[in-house]
Every structure is written in structure tokens, then in C-alpha cells.
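Contents: one structure, followed by commentary.
All values reported here derive from a predicted model rather than from experimental measurement.
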Amino acid sequence: MFKILHTGRTSMDAMQRRMDSIANNIANAQTTGYKSQRVEFEDLVYDRLADRGVPQTEEARQRQLEIGTGSRAKDLARSFEPGILKETHNTYDLAIDGEGFFGLVDGNGGFYLTRDGAFRVDAEGRLTDSHGYYVVMDAYAPLSQYNDEDVTISGDGLVTANKDGVNVVLGRIRLFSVADKGSLTAIGGNMFAVRNGTEVASNLDTEGFGIIRQGFLEESNVDLTEELVNMLATQRAYKLNTKSITAADEMWGMVNQLKR
Amino acid sequence: MIRGLYTSATGMITLQKKLENVSNNLANIETGGFKKQELIARAFDDVNIANRSNSPDGRLRPIGTMQLGVMVDDIYTDFEQGLLKETNNPLDMAIDGEGFFTVQLPNGEYAYTRDGGFRLDSEGRLTAGNGCLVLDRDLNSITVGTEDFQVTGDGTIVLPGGRRVQLNIVTFLDLQALHRLGENMYAVAAGAPAPADQYVVRQGFLEQSNVNPLDELVKLIEIARSFESNQKAIQSIDETLDKAVNEIGRL
């Protein structure tokens, strides 16, 4: 009986995990560049029936029957499906139409990836994100000496300024990509940290990172309808497992009443 | 009379195991590719019952046969197709029909799974959710390196460069001989896998668990009530014993 209570509990824990991730997705339905996460499940180890005082046929004994012990949540999987691009007309709002990421470096040399391209220019003329982290680019000249409307950023990241009819190349924004996107860890602030030892490819070496779109921002890829449907299903599954726990509890009660 | 106590006790133990099984099915109602199990019980073998006390000549008089309890006969896995849920994730694959994906365990042995929620590892190889490598027809790992690929109905992965790799989708003569490893995987103790052919692989879908909550809840009620009946039987035997021991001998 104790085992049955435990089996139900494992699944309720797992459902709770899924509910947490759904809540997080819904909370980030409007977050620029947010990538939805989902929880899938797997069954737990199976327990041999034999040698536990369970009456069974000879064939059953030979086949070594097993009964499962519940389920658990697998690693969190993140969907890197692209979000919708929303037009903002801001010079330094950039969106990636493709698989790549922008690179960010903080003051201590930490390196992060992001899909959130809401950038700005700081006092020194460097391109930064909303936290003040620097966007990884090959910078040739400070951006601040040009008016925003004169700066164009091309699909492959080339930043050019047009002043008095003369085009000046100011730098080139780099895009990055990793083969195993599952290894990226979300650290908040729309940023992903790269696991140590993971190879990060840059679009200066190879192709296939996507095109930068100036004046657009990538919206969250959360599908609210799907999240709400998942929420209902998760709630029901949670409830269902309370039923097997209740049944086990009642039956245990009956056993206790055997001896009055 | 004491015999009856044990008969009811075997009933309660078997029902407890049935409940364990139902609760595992319920616990895996959202587990991808999970196949429900059913515990099959069988009565004990018949035994001859003879009576001596009421016989006029004092000899054993056979009065027929009787079963003295119930036991576990089998745990059967129902490999019925689960519903396919669209996820739009290129790494999710579902088998519509017979067969299993082949994966390699860390110890080098092969295992089989219906859960096609795959990932890429740091070297760009296709892995199952638990990190085991997914294998192709020649039992080699599959390096894709990108999520931008197509999967055809027969399980062939077509990579951007035109390279084609076919997933090793196999089936078994006796599916009941498979045993479960947990983490949505099956292994086979004896018998070699054979290539499956009655299937279609669908990319961007996941197979859901084939547990039907309604069936399981009905079973749950049935089990709880049968358990209660057994408990009542034990209690009434206990009462009868009480009378036999304490009242018959009283003057």
C-alpha cells in the first residue's frame, strides 16, 4: 500500500513541474525573444513481483513479472521555434530571421547568447542590450557620432552610417549558434549561458545563422491557447493521481479494520 | 474455516498488486509513448475436497473440487497505438503503426522505445530524451548537427546536404517478451528484432500514452470494492471462528 501512495506521489510531483513550466510560459507570453519550455515525462524503474509474498503461477514466476513505480519529469526541453517578428521602426531593434543568436559580453568577460535584439547605444558609442551588456561585434568606429536614422544594419550584420551622402562602415554584428541548443541554460534577462566546452560557431565562419532584420523585434513564441489546454490537461492528470492515492488509503484503512 | 481466511487474503494481496498496476498506469497518463499494462489474475488450481465426518462408514467421501485462492498469472502490455500530438518540433518523431526506435544504452546494449522526443547532443548526434544515442539501420549513431532536416514516412532523415540516414525501426515476434527498463525504454532478453514495415514516421508529432483514464478509474472502483468484499469475508469468518471458539463450548 505504501508503494501505491508513492507511485501516485511521483506523478503528482511531475505534474507540478509541468504546471510550473506552463505558468512560466504564460508569464512570458509578451517577453521579447522568449523561447517556450515544456516538460515531458518518462516512466520509473519497474519492480519485480517475485519473492514478495505475492501468489503467482509458475509461468508468471519464470517470466519475472514487473510492476511500474510511477513517472517523473524528463529534462526541460525548450522550443527554439521562431517567434513572430513585430515591426518597431527603431534603428537598434534587431530580430534574427533564422537559427542564430546575438552574443553578449558582460564586464567580467562572461559570454551569453540572446534572441532579444532590443539594443541601444551607450555613451561610448558601443552597442549594448538593456542590461548594459555589450553586443559582440567587430566595431570599427563609435556609433554615437551618427544620428539613429542615418544608421542601417544589413541582413548579414554590417552596420553602415550615411552622412552627407557618404557611406561609412562602422562595424559588423556577429551571430552565433550551437549544435546542441538543449545545452543552453536560461539565466534570466532573456539570456542563455553556454555550457563549458560547448563549441560555439560564428557566422563569420559558416552560413546558416539567419538574416538580421533591422526595425523588428522577435516576439515570444509562446502559444497561449496551447498553454491553457496543457494547463487543463495537467490539472486533470494531477487530480487523477489523487484518486489512486485515495483508493490506496481507503484499502489500507480496510486492512487496519481487519483486526477489531 | 481457517482455509477461508487465507483464500480471502490471497484475494486481497492480488487486488493490491492490481491497484499498484492501475496507479502506475495513471501515473503515466502523460508519458510519451507509454503502453498500459494489465494484471491478469487466475484462480489457484483445483484441489479435491473430501469429507470424513458425515460419512456413515467413516471413510473419506469426495465432495468435489474447490479453488483455494487467486494468484497473479500475467502482466500484459497493451501495445495499442497512442494518439499523436502535434508539437511542430522538428526533433519530435512519432511512429504511427508497429515498431520501436532503436537506441543504445551507455553500456553498449540496445534498447527500444516508442518515445520519439529526441534531442541533439553536444556533437550534434540524435539522442533520446535520456541521452541514449538513436541508431540507424547499420546500428550507428546519427549525426545531424542541425534541426533543419526532413523525416520521410519510412523513417529516413533527409539532411540539408541531401545525405539520407534511415532510422532503425524494428519490431518483435513476441512483443510480450519485451521487458521494461524505465525511462520509456524496453529491452529484449531473447529473440532478435526484425525490421518493421507496417508503420509511418511522423515528424513534429509525439505519441501520447495509450492509458484511458475512464477505464482505469472504473478498474480502480472495481478493485476497491472487491477488496472491501474480501475484507468483509475475512471479518465474517473471524466472527464465526469467534463463535466456534468462545460460545459453542459454553454451558
Could you check which of [options] has the highest count of heavy-atom pairs closer than 4.5 Å to chain B?
options: Ala233(A), Pro55(A), Ser11(A); answer: Pro55(A)
options: Asp75(A), Thr57(A), Asp43(A); answer: Asp43(A)
options: Glu42(A), Met15(A), Arg72(A); answer: Glu42(A)
options: Thr234(A), Thr69(A), Leu240(A), Val45(A); answer: Leu240(A)
options: Arg63(A), Glu81(A), Glu226(A), Glu59(A); answer: Arg63(A)

Please classify the contact between [X] and chain A as side chain, backbone, both or neither, with a heavy-atom cut-off of under 4.5 Å.
X: Ser23(B); value: both
X: Leu217(B); value: side chain
X: Asp115(B); value: side chain
X: Ser209(B); value: neither
X: Asp238(B); value: side chain
X: Ile40(B); value: neither
X: Lys18(B); value: neither
X: Ile75(B); value: both
X: Val70(B); value: backbone
X: Asp242(B); value: neither

Under 4.0 Å between a Lys/Arg side-chain N and an Asp/Glu carboxylate O for [X] and [Y]?
X: Arg17(A); Y: Asp13(A); result: no
X: Glu40(A); Y: Arg38(A); result: yes
X: Lys232(B); Y: Glu239(B); result: no

Applying a strict 4.5 Å limit to non-hydrogen atoms, the region of Lys181(A) in contact with chain B is side chain

Under 4.5 Å to a heavy atom of chain B? For Lys243(A) that would be both

Between [options], the one whose heavy-atom pairs under 4.5 Å with chain A are most numerous:
options: Ile221(B), Asp121(B), Ile13(B); answer: Asp121(B)
options: Asp73(B), Leu220(B), Asn21(B); answer: Asp73(B)
options: Glu228(B), Arg119(B), Gln235(B), Glu183(B); answer: Glu183(B)
options: Thr31(B), Val22(B), Asn184(B), Leu120(B); answer: Asn184(B)
options: Glu216(B), Gln37(B), Arg125(B), Met185(B); answer: Gln37(B)

Under a 3.5 Å threshold, yes or no: a donor from one side chain and an acceptor from the other, between Asn24(A) and Asp20(A)? no

Review point. For the residue pair Phe118(B) and Phe101(B), is the inter-centroid distance of their aromatic rings smaller than 6.0 Å?
Key: yes

Next on the checklist: Are Tyr6(B) and Phe44(B), when compared by the centres of their aromatic rings, separated by less than 6.0 Å?
Outcome noted: no

- [ ] Applying ring-ring contact (aromatic ring centres under 6.0 Å, His included), run through Phe41(A) and Phe34(B) and close with a yes or a no.
- [x] CA-CA 10 Å; Phe41(A) 304 105; Phe34(B) 181 80; over 10 Å; no

Treating [X] as the side-chain partner and [Y] as the backbone partner, does any N or O pair qualify as donor plus acceptor under 3.5 Å?
X: Arg18(A); Y: Val39(A); value: yes
X: Asn210(B); Y: Glu80(B); value: yes
X: Arg78(A); Y: Lys35(A); value: yes
X: Asn221(A); Y: Ser36(A); value: yes
X: Asn190(A); Y: Thr32(A); value: yes

query: Do the ring planes of Tyr186(B) and Phe79(B) sit parallel (below 30°), tilted (30 to 60°) or perpendicular (above 60°)?
result: tilted

